[in-house]
Number of protein chains: 2
Amino acid sequence: MATRSEAPEGTEQTWTIREVAEEFDVTHRTVRHYEELGLISPERRGTTRIYHRRDRTRLGLILRGKRLGFPLEEIRTIIDLYDAPRGRRSQLEYVLAQIDERRADLEQRRRDLDDALTELGRFEDRCREDLSKIPR
Amino acid sequence: MATRSEAPEGTEQTWTIREVAEEFDVTHRTVRHYEELGLISPERRGTTRIYHRRDRTRLGLILRGKRLGFPLEEIRTIIDLYDAPRGRRSQLEYVLAQIDERRADLEQRRRDLDDALTELGRFEDRCREDLSKIPR
DNA sequence: CTTGACGTTGACGTCAACGTAAAGCAATAC
DNA sequence: GTATTGCTTTACGTTGACGTCAACGTCAAG
(Lines give C-alpha, C1' and ligand atoms only; values in the text may rest on other atoms or scores of the structure.)
Protein backbone atom coordinates (compact mmCIF):
# COMPACT_ATOMS: atom_id res chain seq x y z
CA MET A 1 0.00 0.00 0.00
CA ALA A 2 1.25 3.44 -0.96
CA THR A 3 4.62 2.25 -2.24
CA ARG A 4 5.18 5.43 -4.06
CA SER A 5 8.57 5.16 -5.71
CA GLU A 6 9.45 3.48 -8.97
CA ALA A 7 11.20 0.66 -7.07
CA PRO A 8 12.04 -1.68 -9.95
CA GLU A 9 15.04 -3.55 -8.67
CA GLY A 10 17.77 -2.64 -6.24
CA THR A 11 16.35 0.85 -6.14
CA GLU A 12 15.82 1.85 -2.53
CA GLN A 13 12.30 2.87 -1.66
CA THR A 14 11.76 6.49 -0.69
CA TRP A 15 8.95 8.63 0.73
CA THR A 16 7.80 12.23 0.61
CA ILE A 17 7.27 14.37 3.67
CA ARG A 18 3.50 13.93 3.48
CA GLU A 19 3.84 10.19 3.36
CA VAL A 20 6.05 9.84 6.41
CA ALA A 21 3.98 12.41 8.29
CA GLU A 22 0.76 10.52 7.63
CA GLU A 23 2.33 7.17 8.33
CA PHE A 24 3.49 8.26 11.76
CA ASP A 25 0.41 10.37 12.35
CA VAL A 26 2.15 13.70 12.80
CA THR A 27 2.03 16.87 10.70
CA HIS A 28 4.63 17.77 8.09
CA ARG A 29 5.41 20.77 10.28
CA THR A 30 6.45 18.43 13.04
CA VAL A 31 8.71 16.47 10.70
CA ARG A 32 10.37 19.68 9.56
CA HIS A 33 10.73 20.81 13.14
CA TYR A 34 12.67 17.67 13.92
CA GLU A 35 14.87 18.37 10.93
CA GLU A 36 15.53 21.92 12.18
CA LEU A 37 16.75 20.42 15.44
CA GLY A 38 18.99 18.01 13.55
CA LEU A 39 17.09 14.86 14.48
CA ILE A 40 16.56 13.82 10.88
CA SER A 41 18.35 14.90 7.72
CA PRO A 42 16.55 13.65 4.64
CA GLU A 43 18.18 13.66 1.25
CA ARG A 44 17.52 16.68 -0.94
CA ARG A 45 16.60 16.26 -4.59
CA GLY A 46 16.88 19.89 -5.58
CA THR A 47 14.78 21.53 -2.93
CA THR A 48 12.54 18.58 -2.20
CA ARG A 49 13.02 16.29 0.76
CA ILE A 50 13.42 12.58 0.10
CA TYR A 51 13.00 10.24 3.04
CA HIS A 52 14.69 6.85 3.22
CA ARG A 53 14.19 3.89 5.55
CA ARG A 54 16.87 5.32 7.79
CA ASP A 55 14.80 8.48 8.30
CA ARG A 56 11.71 6.48 9.11
CA THR A 57 13.64 4.47 11.67
CA ARG A 58 14.85 7.63 13.33
CA LEU A 59 11.38 9.15 13.30
CA GLY A 60 10.11 6.05 15.04
CA LEU A 61 12.78 6.41 17.71
CA ILE A 62 11.96 10.08 18.14
CA LEU A 63 8.27 9.46 18.67
CA ARG A 64 8.87 6.64 21.10
CA GLY A 65 11.20 8.93 22.99
CA LYS A 66 8.45 11.50 23.10
CA ARG A 67 5.92 9.01 24.38
CA LEU A 68 8.41 8.29 27.15
CA GLY A 69 8.54 12.00 27.92
CA PHE A 70 12.07 12.83 26.81
CA PRO A 71 12.74 16.33 25.49
CA LEU A 72 13.78 16.51 21.86
CA GLU A 73 17.31 17.67 22.63
CA GLU A 74 17.88 14.64 24.78
CA ILE A 75 16.36 12.41 22.14
CA ARG A 76 18.86 13.79 19.69
CA THR A 77 21.79 12.79 21.85
CA ILE A 78 20.27 9.35 22.24
CA ILE A 79 19.74 8.56 18.60
CA ASP A 80 23.00 10.20 17.67
CA LEU A 81 24.57 7.75 20.05
CA TYR A 82 23.29 4.90 17.91
CA ASP A 83 25.38 5.98 14.95
CA ALA A 84 28.27 7.61 16.72
CA PRO A 85 31.75 6.66 15.52
CA ARG A 86 33.00 3.52 17.22
CA GLY A 87 36.21 2.91 15.34
CA ARG A 88 38.65 3.65 18.08
CA ARG A 89 38.76 2.10 21.53
CA SER A 90 38.30 5.43 23.28
CA GLN A 91 35.22 6.13 21.22
CA LEU A 92 33.73 2.76 22.02
CA GLU A 93 34.37 3.24 25.70
CA TYR A 94 32.64 6.60 25.60
CA VAL A 95 29.65 5.08 23.87
CA LEU A 96 29.50 2.28 26.44
CA ALA A 97 29.56 4.81 29.25
CA GLN A 98 26.70 6.72 27.63
CA ILE A 99 24.77 3.48 27.32
CA ASP A 100 25.10 2.96 31.05
CA GLU A 101 23.73 6.41 31.77
CA ARG A 102 20.80 5.87 29.47
CA ARG A 103 20.04 2.55 31.05
CA ALA A 104 20.09 4.01 34.54
CA ASP A 105 17.63 6.67 33.43
CA LEU A 106 15.31 4.19 31.77
CA GLU A 107 15.37 1.88 34.75
CA GLN A 108 14.45 4.73 37.08
CA ARG A 109 11.50 5.37 34.87
CA ARG A 110 10.52 1.77 34.96
CA ARG A 111 10.58 1.82 38.74
CA ASP A 112 8.33 4.87 38.74
CA LEU A 113 6.06 3.18 36.25
CA ASP A 114 5.82 -0.03 38.23
CA ASP A 115 5.11 1.92 41.40
CA ALA A 116 2.35 3.79 39.66
CA LEU A 117 0.87 0.56 38.36
CA THR A 118 0.87 -1.26 41.69
CA GLU A 119 -0.62 1.78 43.38
CA LEU A 120 -3.31 1.87 40.77
CA GLY A 121 -3.95 -1.81 41.38
CA ARG A 122 -4.33 -1.31 45.11
CA PHE A 123 -6.67 1.57 44.48
CA GLU A 124 -8.76 -0.54 42.17
CA ASP A 125 -8.99 -3.26 44.81
CA ARG A 126 -10.26 -0.74 47.34
CA CYS A 127 -12.80 0.53 44.87
CA ARG A 128 -14.06 -2.95 44.08
CA GLU A 129 -14.35 -3.69 47.75
CA ASP A 130 -16.35 -0.51 48.29
CA LEU A 131 -18.51 -1.46 45.36
CA SER A 132 -19.25 -4.89 46.78
CA LYS A 133 -20.55 -3.23 49.93
CA ILE A 134 -23.03 -1.09 48.11
CA PRO A 135 -26.32 -2.95 47.81
CA ARG A 136 -28.10 -3.56 44.52
CA MET B 1 15.96 17.05 60.83
CA ALA B 2 14.13 20.25 60.06
CA THR B 3 10.98 19.35 61.94
CA ARG B 4 9.84 22.91 61.98
CA SER B 5 6.53 22.98 63.75
CA GLU B 6 5.82 23.15 67.46
CA ALA B 7 4.54 19.53 67.37
CA PRO B 8 3.94 18.90 71.06
CA GLU B 9 1.42 16.08 71.10
CA GLY B 10 -1.30 15.07 68.72
CA THR B 11 -0.58 18.22 66.77
CA GLU B 12 -0.14 17.31 63.16
CA GLN B 13 3.23 18.18 61.73
CA THR B 14 3.31 20.92 59.11
CA TRP B 15 5.86 22.44 56.71
CA THR B 16 6.53 25.75 55.02
CA ILE B 17 6.81 26.19 51.30
CA ARG B 18 10.60 26.33 51.47
CA GLU B 19 10.74 23.12 53.39
CA VAL B 20 8.64 21.08 51.01
CA ALA B 21 10.40 22.65 48.03
CA GLU B 22 13.80 21.71 49.35
CA GLU B 23 12.69 18.28 50.42
CA PHE B 24 11.44 17.48 46.93
CA ASP B 25 14.26 19.38 45.26
CA VAL B 26 12.13 21.87 43.37
CA THR B 27 11.82 25.65 43.71
CA HIS B 28 9.09 27.35 45.71
CA ARG B 29 7.96 28.86 42.41
CA THR B 30 7.28 25.38 41.11
CA VAL B 31 5.26 24.49 44.18
CA ARG B 32 3.18 27.62 43.80
CA HIS B 33 2.72 26.91 40.12
CA TYR B 34 1.21 23.56 41.00
CA GLU B 35 -1.10 25.35 43.39
CA GLU B 36 -2.18 27.77 40.65
CA LEU B 37 -3.14 24.78 38.53
CA GLY B 38 -5.09 23.31 41.41
CA LEU B 39 -2.80 20.35 42.00
CA ILE B 40 -2.22 21.21 45.66
CA SER B 41 -4.17 23.44 48.01
CA PRO B 42 -2.25 24.04 51.22
CA GLU B 43 -3.89 25.50 54.28
CA ARG B 44 -3.62 29.27 54.73
CA ARG B 45 -2.73 30.75 58.08
CA GLY B 46 -3.41 34.38 57.26
CA THR B 47 -1.44 34.79 54.07
CA THR B 48 1.09 32.08 54.74
CA ARG B 49 0.89 28.60 53.24
CA ILE B 50 0.93 25.65 55.59
CA TYR B 51 1.65 22.24 54.11
CA HIS B 52 0.40 19.01 55.63
CA ARG B 53 1.29 15.39 54.96
CA ARG B 54 -1.51 15.25 52.44
CA ASP B 55 0.14 17.99 50.40
CA ARG B 56 3.48 16.23 50.49
CA THR B 57 1.88 13.03 49.27
CA ARG B 58 0.30 14.85 46.36
CA LEU B 59 3.53 16.60 45.52
CA GLY B 60 5.24 13.23 45.40
CA LEU B 61 2.61 11.95 43.01
CA ILE B 62 2.94 15.04 40.85
CA LEU B 63 6.68 14.71 40.52
CA ARG B 64 6.52 11.03 39.75
CA GLY B 65 3.96 11.82 37.08
CA LYS B 66 6.35 14.36 35.66
CA ARG B 67 9.21 11.89 35.62
CA LEU B 68 6.92 9.66 33.64
CA GLY B 69 6.34 12.48 31.17
CA PHE B 70 2.72 13.31 31.88
CA PRO B 71 1.57 16.91 31.42
CA LEU B 72 0.43 18.64 34.58
CA GLU B 73 -3.18 18.86 33.49
CA GLU B 74 -3.33 15.11 33.04
CA ILE B 75 -1.60 14.63 36.36
CA ARG B 76 -4.31 16.68 37.97
CA THR B 77 -7.05 14.43 36.66
CA ILE B 78 -5.09 11.43 37.90
CA ILE B 79 -4.54 12.53 41.46
CA ASP B 80 -8.01 14.00 41.62
CA LEU B 81 -9.17 10.54 40.75
CA TYR B 82 -7.58 9.23 43.94
CA ASP B 83 -9.85 11.32 46.11
CA ALA B 84 -12.90 11.52 43.94
CA PRO B 85 -16.23 10.82 45.62
CA ARG B 86 -17.01 7.11 45.63
CA GLY B 87 -20.11 7.04 47.73
CA ARG B 88 -22.60 6.11 45.06
CA ARG B 89 -22.44 3.12 42.75
CA SER B 90 -22.39 5.25 39.63
CA GLN B 91 -19.47 7.23 40.98
CA LEU B 92 -17.54 4.10 41.78
CA GLU B 93 -18.17 2.71 38.35
CA TYR B 94 -16.91 5.89 36.78
CA VAL B 95 -13.76 5.76 38.89
CA LEU B 96 -13.19 2.14 37.92
CA ALA B 97 -13.52 3.01 34.26
CA GLN B 98 -10.98 5.80 34.66
CA ILE B 99 -8.64 3.38 36.35
CA ASP B 100 -8.79 1.12 33.33
CA GLU B 101 -7.89 3.97 31.02
CA ARG B 102 -4.97 4.96 33.19
CA ARG B 103 -3.72 1.42 33.30
CA ALA B 104 -3.86 1.06 29.53
CA ASP B 105 -1.83 4.23 29.18
CA LEU B 106 0.75 3.14 31.71
CA GLU B 107 1.11 -0.25 30.11
CA GLN B 108 1.70 1.31 26.71
CA ARG B 109 4.48 3.29 28.27
CA ARG B 110 5.95 0.20 29.80
CA ARG B 111 6.00 -1.47 26.42
CA ASP B 112 7.84 1.50 24.96
CA LEU B 113 10.19 1.46 27.87
CA ASP B 114 10.93 -2.23 27.62
CA ASP B 115 11.50 -1.91 23.88
CA ALA B 116 13.95 0.89 24.47
CA LEU B 117 15.77 -1.14 27.10
CA THR B 118 16.13 -4.29 25.02
CA GLU B 119 17.28 -2.23 22.06
CA LEU B 120 19.84 -0.58 24.27
CA GLY B 121 20.97 -4.01 25.44
CA ARG B 122 21.43 -5.27 21.90
CA PHE B 123 23.37 -2.15 21.04
CA GLU B 124 25.61 -2.65 24.04
CA ASP B 125 26.31 -6.21 22.99
CA ARG B 126 27.34 -5.06 19.55
CA CYS B 127 29.62 -2.44 21.06
CA ARG B 128 31.26 -4.95 23.39
CA GLU B 129 31.80 -7.27 20.49
CA ASP B 130 33.40 -4.49 18.49
CA LEU B 131 35.53 -3.66 21.49
CA SER B 132 36.78 -7.22 21.82
CA LYS B 133 38.00 -7.08 18.23
CA ILE B 134 40.09 -4.02 18.81
CA PRO B 135 43.59 -5.10 19.86
CA ARG B 136 45.23 -3.90 23.05
C1' DC C 1 -1.45 27.68 -20.38
C1' DT C 2 -3.95 27.77 -16.33
C1' DT C 3 -5.42 25.12 -12.36
C1' DG C 4 -4.68 22.19 -8.48
C1' DA C 5 -2.03 19.47 -5.47
C1' DC C 6 1.96 19.28 -3.10
C1' DG C 7 6.38 21.18 -1.96
C1' DT C 8 9.39 25.00 -0.05
C1' DT C 9 11.10 28.89 3.24
C1' DG C 10 10.49 32.38 6.58
C1' DA C 11 8.13 34.56 10.32
C1' DC C 12 5.09 35.06 13.85
C1' DG C 13 1.63 32.84 17.36
C1' DT C 14 0.57 29.82 21.16
C1' DC C 15 0.58 26.93 25.16
C1' DA C 16 2.81 24.64 29.02
C1' DA C 17 5.91 24.96 32.66
C1' DC C 18 8.14 27.35 34.95
C1' DG C 19 12.12 31.52 35.92
C1' DT C 20 12.93 36.00 37.55
C1' DA C 21 12.58 40.50 39.11
C1' DA C 22 10.03 44.07 41.91
C1' DA C 23 7.90 45.34 45.90
C1' DG C 24 5.70 44.55 50.13
C1' DC C 25 4.48 42.42 54.97
C1' DA C 26 5.99 39.99 59.41
C1' DA C 27 8.65 37.91 62.65
C1' DT C 28 13.18 37.21 64.66
C1' DA C 29 18.31 38.97 65.31
C1' DC C 30 21.11 42.47 67.00
C1' DG D 1 14.78 50.97 67.14
C1' DT D 2 16.96 48.86 62.37
C1' DA D 3 18.35 44.95 59.72
C1' DT D 4 17.92 40.63 58.02
C1' DT D 5 15.29 36.60 56.81
C1' DG D 6 11.46 34.35 54.95
C1' DC D 7 7.16 34.56 53.06
C1' DT D 8 3.85 36.85 50.07
C1' DT D 9 1.76 38.77 45.44
C1' DT D 10 2.05 40.81 40.84
C1' DA D 11 3.80 40.64 36.59
C1' DC D 12 6.61 40.03 32.82
C1' DG D 13 10.32 36.80 30.58
C1' DT D 14 11.89 32.31 28.71
C1' DT D 15 12.17 27.76 26.62
C1' DG D 16 10.35 23.80 24.18
C1' DA D 17 7.42 22.12 20.81
C1' DC D 18 5.13 22.87 17.68
C1' DG D 19 0.74 25.58 14.83
C1' DT D 20 -0.41 28.82 11.41
C1' DC D 21 -0.03 31.90 7.77
C1' DA D 22 1.98 34.23 3.75
C1' DA D 23 4.31 33.98 -0.39
C1' DC D 24 6.27 31.39 -3.69
C1' DG D 25 8.21 27.20 -6.79
C1' DT D 26 6.96 22.85 -9.56
C1' DC D 27 4.88 19.52 -12.01
C1' DA D 28 1.08 16.57 -14.06
C1' DA D 29 -3.84 17.07 -15.75
C1' DG D 30 -7.24 19.29 -18.38
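Quick caveat: nothing in here was measured; it's all calculated off a predicted structure. Side chains are part of it too, since the values below use all heavy atoms of this structure and drop only hydrogens, waters and symmetry mates.
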Tabulate protein N/O versus nucleotide N/O from nucleotides 14-17 of chain D, keeping only pairs under 3.5 Å, one per line.
unit_1: dA17(D); atom_1: OP1; unit_2: L72(A); atom_2: N; d: 2.7

So, is the end of the R109(B) side chain (NZ or CZ) under 6.0 Å from the ring centre of F70(B) and within 45° of the ring's axis?
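Ring-cation test returns yes.
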How long is the line joining [atom1] of [X] and [atom2] of [N], in whole Å?
X: H28(A); N: dG7(C); atom1: NE2; atom2: C1'; result: 9 Å
X: R45(B); N: dA26(C); atom1: CZ; atom2: P; result: 16 Å
X: I17(A); N: dG25(D); atom1: CD1; atom2: C1'; result: 16 Å
X: R18(B); N: dT8(D); atom1: CZ; atom2: P; result: 9 Å
X: E43(B); N: dC7(D); atom1: CD; atom2: C1'; result: 15 Å
X: R32(A); N: dG7(C); atom1: CZ; atom2: P; result: 12 Å
X: R67(B); N: dA17(C); atom1: CZ; atom2: P; result: 16 Å
X: E74(B); N: dA17(C); atom1: CD; atom2: P; result: 10 Å

May I ask you to evaluate whether [X] reaches the phosphate of [N], defined as a side-chain N or O under 4.0 Å from OP1 or OP2?
X: R29(B); N: dC12(D); value: no
X: T47(B); N: dA26(C); value: no
X: T48(B); N: dA26(C); value: no

Quick check: does any side chain N or O of R89(A) sit under 3.5 Å from a backbone N or O of I134(B), one acting as donor and the other as acceptor?
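Yes, R89(A) side chain to I134(B) backbone: donor-acceptor pair under 3.5 Å.
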Going by the side chain to side chain contact (heavy atoms under 4.5 Å, CB included) test, name the single residue among I75(A), D80(A), L63(A) that passes it with R58(A).
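Considering I75(A), D80(A), L63(A), a side chain to side chain contact (heavy atoms under 4.5 Å, CB included) with R58(A) is found only for D80(A).
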Counting side-chain heavy atoms from CB outward, which of dG19(C), dC7(D), dG19(D) is closest to T27(B)?
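Between dG19(C), dC7(D), dG19(D), the one nearest the side chain of T27(B) would be dG19(C).
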Residues, nucleotides or ligands: over 12 heavy atoms within 6.0 Å of R88(A) CZ:
no
Just wondering, more than 12 heavy atoms not from R29(A) lying within 6.0 Å of its CZ?
yes
All heavy atoms of R56(B) vs all of F24(B), minimum pair found to be O-CZ, 3.5 Å
Closest heavy-atom contact between L37(B) and R76(B)?
O-CD, 3.0 Å
